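Working notes for the structure below.
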Amino acid sequence: MKARLHGLDFLRAIMMSLGVVLHSAQLYLTLPIVDYYWDSARSFSMDALLIFINTFRMPVFYLLSGFFTALLLARHGERAMLNNRYRRLVVPFLLYLPPLALVMTILKVVARHVMATGEIGFDPGWMEYPRGIWDNTHNLWFLYYLILYVGTLWLLVRLWAYLPDSARTRLGDWARNTPVYSAWIFLPLCLSLAALGSISYAGRLAGSLSFVPYIPTYLYFALCFSVGWLLYQRLGDLDVLALRWGRHMLLATLALGLGVAAFFSKGTPGHPNYAALHALLSVATGFSMGFYMLGFVGLFSRYFQDNNPWIRYFSDSAYWVFIFHSVPLVILGLALHAWEVPAELKFLVVCAGTSVTCLVTYQLFVRNGRIGEVLNGRRYRSVPWSSN
């Protein structure tokens, strides 16, 4: 199979670009989830948006990462796959984390000053956790964990050669003959996500920004990466998922609703029904993530497989958008701190302003230059509607 999988490529770009929406909403939550800045204007609608997007975004992204890593290995071999991952993951991480960390640390200090005093200022004394200044991968944590997964994969490929031929044959046959939507894969996936997620009050795990890998988070998204790897071994499953995307999305949404109801009903530890409702929350969230992974892969495989220059442009820009978006997003959020309007309006302004800023900077400074070559593997000399 040599054709480009435009639908899955577009889906990966969507998941990356949703960081703009998610992080814009995070500024205006009622839930006490503070990353860089927490505005005084808050709304439950922002909570709902964050919970919804967080349920599927990173699981789908890591599934696709596992899928495309398997594709690279199958098409080009181990050396070419490792070289590609080095150029597309390690090099951007090493190049862009230092300037991003410098800018975002400055903005975080300013944000803490605004949150404490209501005025723009720069006083590091308001920082609650000074360690976060240096032990912080910022929004490039997803690259950091992808690098860890590729390193783990390289080790497993090395060990694979030492397995007896009979064991390799049985495992290979199992991977090729077991659909990813079968109970043999899907149930262990969802229950494992539930078990790992249960260690968190939210019933799910989020990214870890520290340079010290958080083992539960590593395992959590490694499960999704592994399912993507298995999916590439059975490309025919994409046709089945394309037909079943509607039912998978419906089941995912029903499970999410059940989990949300359990979350807001369970109270705090010590509540008589806390343990049962927390278990329900974790299991419902695990199954919701699993069904959303299947549903989104099926949806985009069915309706977005044709090559479209505008979709291609959007897909190419997504890497830059995700790396850069936190800078204009937090700047806009801070600039609007004294604007007394509903949280939803602030969210729309920050989200739209950040998106426009990212796309303009991509077109002017990234797409046709060295940065674009590092991120996308090539420089473009044309606009989306041209033939090139």
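In this text the structure is predicted, and so the values were computed from the model without any measurement.
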Same hydrophobic cluster for L102 and L209, using side-chain heavy-atom links shorter than 4.5 Å among ILVMFWY? yes

Same cluster (ILVMFWY, side-chain, under 4.5 Å), W160 and W229: no

Below 4.5 Å, heavy atoms only, C-beta onward: do H76 and N83 meet side chain to side chain? no

Heavy-atom side-chain proximity of L230 to S226 below 4.5 angstrom: no

Heavy atoms, side chains only, cut-off 4.5 Å: are P213 and L148 in contact? yes

Supply the atom-to-atom distance L163 CG to L171 CG, rounded to the nearest 0.5 angstrom. 7.0 Å

Within the supplied structure, the quantity of interest is the number of heavy atoms (other residues, nucleotides, ligands) at a distance under 6.0 Å from W154 CH2; does it exceed 12? no

Spatial distance of atom CE (M115) from atom CH2 (W38) [nearest 0.5 Å]: 7.5 Å

Aromatic ring pairing W320/F324, orientation class (parallel under 30°, perpendicular over 60°, tilted between): parallel

If you define the side chain from C-beta out and look only at heavy atoms, does anything of S43 sit under 4.5 Å from Y28? no

Does a side chain donor of either T217 or W141 reach within less than 3.5 Å of an acceptor in the other side chain? no

Establish, from distance only, whether the side-chain atoms of Y218 and T152 form a donor-acceptor pair under 3.5 Å. yes

Grab the two heavy atoms, one from L375 and one from Y319, that are nearest each other, plus how far apart they are. O-CD1, 3.3 Å

Output, in order, the C-alpha distance, side-chain angles, deciding distance and verdict of side-chain contact (heavy atoms from CB on, under 4.5 Å) for R85 and F68. CA-CA 10 Å; R85 298 295 83 183; F68 284 114; 5.7 Å; no

Measure from the ring center of F304 to the ring center of F10 and say whether it is less than 6.0 Å. yes

How about Y162: does its OH atom have over 12 heavy atoms from other parts shown lying under 6.0 Å from it? no

On the six-membered ring of F61, is R12 placed so that its NZ or CZ lies under 6.0 angstrom from the centre and within 45° of the ring axis? no

Using side-chain contact (heavy atoms from CB on, under 4.5 Å), reason through L189 and M293 one step at a time and then give a plain yes or no. CA-CA 11 Å; L189 167 68; M293 282 191 276; 3.7 Å; yes

Are any non-hydrogen side-chain atoms of L100 and Y96 less than 4.5 angstrom apart? no

Apply the test side-chain contact (heavy atoms from CB on, under 4.5 Å) to residues Q233 and N177: give CA-CA distance (whole Å), side-chain angles for both, the deciding distance (0.1 Å), then the verdict. CA-CA 9 Å; Q233 315 311 312; N177 296 323; over 6 Å; no

Pair Y62 and Y149, ring centroids less than 6.0 Å apart: yes

Any link between V150 and I215 through a network of hydrophobic side chains (Ile, Leu, Val, Met, Phe, Trp, Tyr) touching at under 4.5 Å? yes

Closest non-hydrogen atom pair between G353 and T357, with its separation: O-OG1, 2.7 Å

Give, for atom CG of L18 and atom CG of L49, the distance between the pair rounded to the nearest 0.5 Å. 9.0 Å

Minimal heavy-atom distance between R204 and I51, with the atoms involved, is NH1-O, 3.2 Å

Smallest heavy-atom separation, D35 atom then R112 atom, equals O-NH2, 3.2 Å

Hey, does the side chain of S198 reach the backbone of A195 with a donor-acceptor pair shorter than 3.5 angstrom? yes

Is there a donor-acceptor pair under 3.5 Å between the side chain of S288 and the backbone N or O of A252? yes

Same cluster for W245 and L243 if Ile/Leu/Val/Met/Phe/Trp/Tyr side chains link at under 4.5 Å? no

Separation between OG of S315 and CD1 of I14, rounded to the nearest 0.5 Å: 7.5 Å

Pairwise distance CG(L336) to CG(D39) - rounded to 0.5 angstrom: 8.0 Å

Could you go through D173 and R176, starting from their C-alpha distance and side-chain angles, then the distance that decides it, and tell me whether this counts as salt bridge (Lys or Arg N to Asp or Glu O under 4.0 Å)? CA-CA 5 Å; D173 289 343; R176 288 186 292 271; 2.8 Å; yes

Test log, rule side chain to side chain donor-acceptor pair (under 3.5 Å), inputs N84 and Y86: CA-CA 5 Å; N84 177 280; Y86 173 77; over 6 Å; no

Exercise: identify the closest heavy-atom pair between P59 and C224: O-CB, 3.5 Å

Just wondering, do V110 and Y36 contact through their side chains at under 4.5 Å, heavy atoms? no

Between Y362 and V321, is the side-chain contact (heavy atoms from CB on, under 4.5 Å) condition met? List the steps. CA-CA 8 Å; Y362 171 73; V321 170; 5.8 Å; no

Is the F322-F142 ring centre distance short of 6.0 angstrom? yes

Between the side chains of D135 and S210, does any donor sit under 3.5 Å from an acceptor? yes

From CG (D47) to CZ (R42), nearest 0.5 Å: 10.5 Å

Evaluation steps, salt bridge (Lys or Arg N to Asp or Glu O under 4.0 Å), between E78 and R158: CA-CA 10 Å; E78 179 186 344; R158 300 290 89 197; 2.5 Å; yes

Can a donor-acceptor pair be found, under 3.5 Å and without considering hydrogens, that links the side chain of T354 to the backbone of V350? yes

Check this for me, if you would: do D239 and R302 make a salt bridge, where the nitrogen-to-carboxylate-oxygen distance has to be below 4.0 angstrom? no

Taking only residues at least two apart or on different chains, which pairs with a member in residues 176-212 satisfy ring pair (Phe, Tyr, Trp, His ring centres under 6.0 Å)? Y144-F211, F186-F291, Y201-F263

Using every non-hydrogen atom in the two residues, find where H138 and L97 come nearest and quote the distance to one decimal. CD2-CD1, 4.2 Å

Under a 4.0 Å threshold between the charged nitrogen and the carboxylate oxygen, would R87 count as salt-bridged to E373? no

Verdict with reasoning, S317 to R367, per side chain to side chain donor-acceptor pair (under 3.5 Å): CA-CA 8 Å; S317 70; R367 183 172 174 82; over 6 Å; no

Quick check: is V260 connected to F44 through a chain of hydrophobic side chains (ILVMFWY, heavy atoms under 4.5 Å apart)? no

Could you pull out every donor-acceptor pair under 3.5 Å between side chains of residues 268-275 and any protein atom, sequence neighbours left out?
unit_1, atom_1, unit_2, atom_2, d
H271, ND1, N273, N, 3.1

Are any of the side-chain heavy atoms of Y214 and Y145 separated by less than 4.5 Å? yes

side-chain contact (heavy atoms from CB on, under 4.5 Å), paired with L63, selected from L8, L294, L231: L231

Any side-chain heavy atom of F56 within less than 4.5 Å of one from L256? no

Check the pair F67 / Y232 against ring pair (Phe, Tyr, Trp, His ring centres under 6.0 Å), numbers first and verdict last. CA-CA 5 Å; F67 180 92; Y232 185 77; 5.4 Å; yes

Examine distances only and state if a side-chain atom of H278 and a backbone atom of K266 form a donor-acceptor pair shorter than 3.5 Å. no

